[in-house]
Amino acid sequence: MIRILDYDKVGSEGIISRTELRTDVEDTVRDIIADVRKNGDEALFGYTEKFDKVKLDKLEVSREEIDEAVGKVEPEFLRILEQAAANIRKFHSRQVRNGFIINDEHGIVTGQKIIPVDRAGLYVPGGTAAYPSTVLMDSIPAKLAGVPELIMTTPPGKDGKVAPAILAAASVAGIDRIFKVGGAQAIAAMAYGTASIPKVDKIVGPGNAFVAEAKKQVYGAVSIDMIAGPSEILIISDEDSDPSFIAADMLSQAEHDRMASAVLVTDSEKLALEVQSRIETRIAKLERNAIARESIERNGKIIIASSIEKAIEISNEIAPEHLELSVENPFDYLDRIRHAGSVFLGRYCPEVLGDYYAGANHTLPTSGTARFSSPLSVDDFVKKTQFTYYSKEALAKVADDIAFFARKEGLGGHAESALVRKEEKR
């Protein structure tokens with residue numbers, strides 16, 4: 001049964017618990033990466049046979065396989081994928097940036113260019129569930145950023161095929177190439193390249209402890225989005241919320257993973273007890289009830305706060321991945337939320353809207369990193385290059401100032417680099 005805690009009695013130490021990333025996988029992942037770097041495709045075929053229990057004759061998904069998969073999914077699902085993709089494009093199109101030029105002084109031009117990475121790689125997990133939503137969320141911002149080539153890796157099933165829902169989503173999103181490779185070996189392949197899989201500049205997408213560790217180890221050879229921990233939800237609610245809504249929303253996160261975290265912060269003891277009871281009623285009906293049960297008993301909690309204002313303070317302290325504000329007039333509180341990955345406003349805006357459909361990204365900072373990091377966006381797939389132009393006359397006006405500044409730092413060579421042009425005689 002989920003715990004109920006009184007914040008005034010337990011304080012911060014009693015409510016904040018972080019799931020540490022596993023460290024026992026470091027050596028295994030390091031060995032896999034080294035093997036892939038040395039042996040390329042041969043290592044990938046071997047790991048696919050070892051871990052995914054299937055022997056492949058090629059890694060890349062063919063156009064025929066994609067068309068076959070699209071034909072297998074329900075037309076209704078294709079329609080929903082298309083609508084979700086449209087919502088995601090609409091939201092993320094507002095993030096597209098333009099460069100700028102400053103040219104308001106004679107002989108001086110400065111500016112900034114926005115340049116997409118040449119190639120991005122998307123990792124999509126397999127295992128206990130297939131996530132076509134991740135395909136859309138992680139690829140559409142890359143496409144809007146103008147990335148010329150987007151590849152995807154995902155583990156095959158025992159039949160040697162990728163789940164049709166995954167390939168259908170990839171088709172809708174316009175992913176360029178898809179490979180049947182999972183785990184740390186897929187991250188290594190995208191980071192360093194093999195005969196089949198090209199090296200990328202940026203790797204995004206969630207995964208298990210081995211994938212997270214691999215992303216951590218290849219960072220520097222490539223950029224990554226983030227090191228994602230288990231899924232989290234925190235709900236702030238007053239006494240007028242329907243306890244069944246709250247219980248359902250908490251369980252929607254608990255069923256993700258045994259390490260997932262579902263937290264309610266409320267100023268109502270009555271609501272706390274009702275939600276506790278509804279969770280017990282609803283959890284038994286879930287297909288993934290064993291996972292949800294372990295998550296709720298290990299990491300779930302209901303925190304009673306003295307007021308909604310205090311609940312917001314607690315939420316900012318926790319910095320959750322997902323935050324629901326199930327209160328009257330939620331927009332009145334939005335500006336007080338400082339640390340959260342994605343915020344869902346009102347009693348009829350469950351977090352599941354963000355998972356699939358509304359348009360805001362679902363790849364979010366976890367484990368308190370919302371204090372300093374952001375959701376995946378178009379910005380993750382671009383880099384910025386600055387440029388500067390000074391004419392001879394413009395430099396001559398400021399060369400002495402530059403030299404003075406440089407000598408303050410003890411860098412006479414820097415000073416001479418500016419002055420030599422001022423003293424040029426031709």
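FYI, the numbering just counts along the sequence from 1. Basis for what follows: all heavy atoms, side chains included, without hydrogens, waters or symmetry-related copies. Since we're looking at a predicted model, the values are computed, not measured.
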Keeping [X] on the side-chain end and [Y] on the backbone end, is there a donor-acceptor pair under 3.5 Å?
| X | Y | answer |
| --- | --- | --- |
| R421 | S417 | yes |
| Q217 | A188 | no |
| E213 | V29 | no |
| D238 | V327 | no |
| S93 | R89 | yes |
| E294 | R258 | no |
| T266 | S237 | yes |
| S268 | E239 | no |
| N103 | V109 | no |

Of all pairs that satisfy side chain to side chain donor-acceptor pair (under 3.5 Å), the ones with a partner from residues 184-201, not counting sequence neighbours: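 Matches after skipping sequence neighbours: D41-T194, D41-S196.
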Got a salt bridge between [X] and [Y], using NZ or NE/NH1/NH2 to carboxylate O under 4.0 Å?
| X | Y | result |
| --- | --- | --- |
| K397 | E105 | no |
| R336 | E313 | no |
| E60 | R177 | yes |
| D380 | K202 | yes |

Heavy-atom side-chain proximity of [X] to [Y] below 4.5 angstrom:
| X | Y | answer |
| --- | --- | --- |
| Y47 | D35 | yes |
| K161 | L167 | no |
| V61 | T154 | no |
| K310 | D267 | no |
| R288 | H256 | no |
| P320 | V263 | no |
| P116 | F381 | no |
| M226 | T369 | no |

Evaluate side chain to side chain contact (heavy atoms under 4.5 Å, CB included) for I32 paired with I187, printing each intermediate quantity in order. CA-CA 10 Å; I32 290 172; I187 302 302; over 6 Å; no
Can you name the residues that form a ring-ring contact (aromatic ring centres under 6.0 Å, His included) with Y357, not counting sequence neighbours? none
Would you name the heavy atoms of [X] and [Y] that are closest together and state the gap between them?
| X | Y | result |
| --- | --- | --- |
| S295 | S261 | OG-N, 4.3 Å |
| R371 | N316 | NH1-O, 3.1 Å |
| I246 | S326 | CD1-OG, 3.9 Å |
| D176 | K143 | OD2-NZ, 3.1 Å |
| K180 | V162 | CG-CG2, 3.9 Å |
| E351 | S252 | OE1-OG, 4.2 Å |

Interatomic spacing from [atom1] in [X] to [atom2] in [Y] - rounded to 0.5 Å:
| X | Y | atom1 | atom2 | answer |
| --- | --- | --- | --- | --- |
| S133 | I88 | OG | CD1 | 8.0 Å |
| F77 | E82 | CZ | CD | 11.0 Å |
| Y219 | I224 | OH | CD1 | 7.0 Å |
| D355 | T134 | CG | OG1 | 9.0 Å |
| Q253 | I296 | CD | CD1 | 10.5 Å |
| F179 | K58 | CZ | NZ | 11.0 Å |

Do the side-chain N and O atoms of D257 and S231 include a donor-acceptor pair separated by under 3.5 angstrom?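 No, S231 and D257 have no side-chain donor paired with an acceptor closer than 3.5 Å.
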Filter on ring-ring contact (aromatic ring centres under 6.0 Å, His included), then keep only pairs touching residues 304-348, sequence neighbours left out; what's left? F245-Y348
Atom [atom1] of [X]: over 12 foreign heavy atoms under 6.0 Å:
| X | atom1 | result |
| --- | --- | --- |
| F404 | CZ | no |
| R30 | CZ | yes |
| E309 | CD | yes |
| D8 | CG | yes |

Single hit among L234, L264, D249 for side chain to side chain contact (heavy atoms under 4.5 Å, CB included) with E324: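 Answer to the side chain to side chain contact (heavy atoms under 4.5 Å, CB included) test with E324 among L234, L264, D249: D249.
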Quickly, which of V181, V222, I203, L122 forms a side chain to side chain contact (heavy atoms under 4.5 Å, CB included) with M190? Name it, please.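 Only one option passes, and that is I203.
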In sequence, state the C-alpha distance, the side-chain angles, and the governing distance for I114 and K384, and then conclude on side chain to side chain contact (heavy atoms under 4.5 Å, CB included). CA-CA 5 Å; I114 306 294; K384 305 165 189 72; 3.8 Å; yes
Set out, in order, the CA-CA distance, both residues' side-chain angles and the distance that settles side chain to side chain contact (heavy atoms under 4.5 Å, CB included) for R63 and S171, then state yes or no. CA-CA 10 Å; R63 183 70 249 177; S171 180; 4.0 Å; yes
With side chain to side chain contact (heavy atoms under 4.5 Å, CB included) as the criterion, how do D240 and R347 come out once you've worked through the C-alpha distance, each side chain's angles and the decisive distance to 0.1 Å? CA-CA 9 Å; D240 294 326; R347 307 192 203 279; 3.6 Å; yes
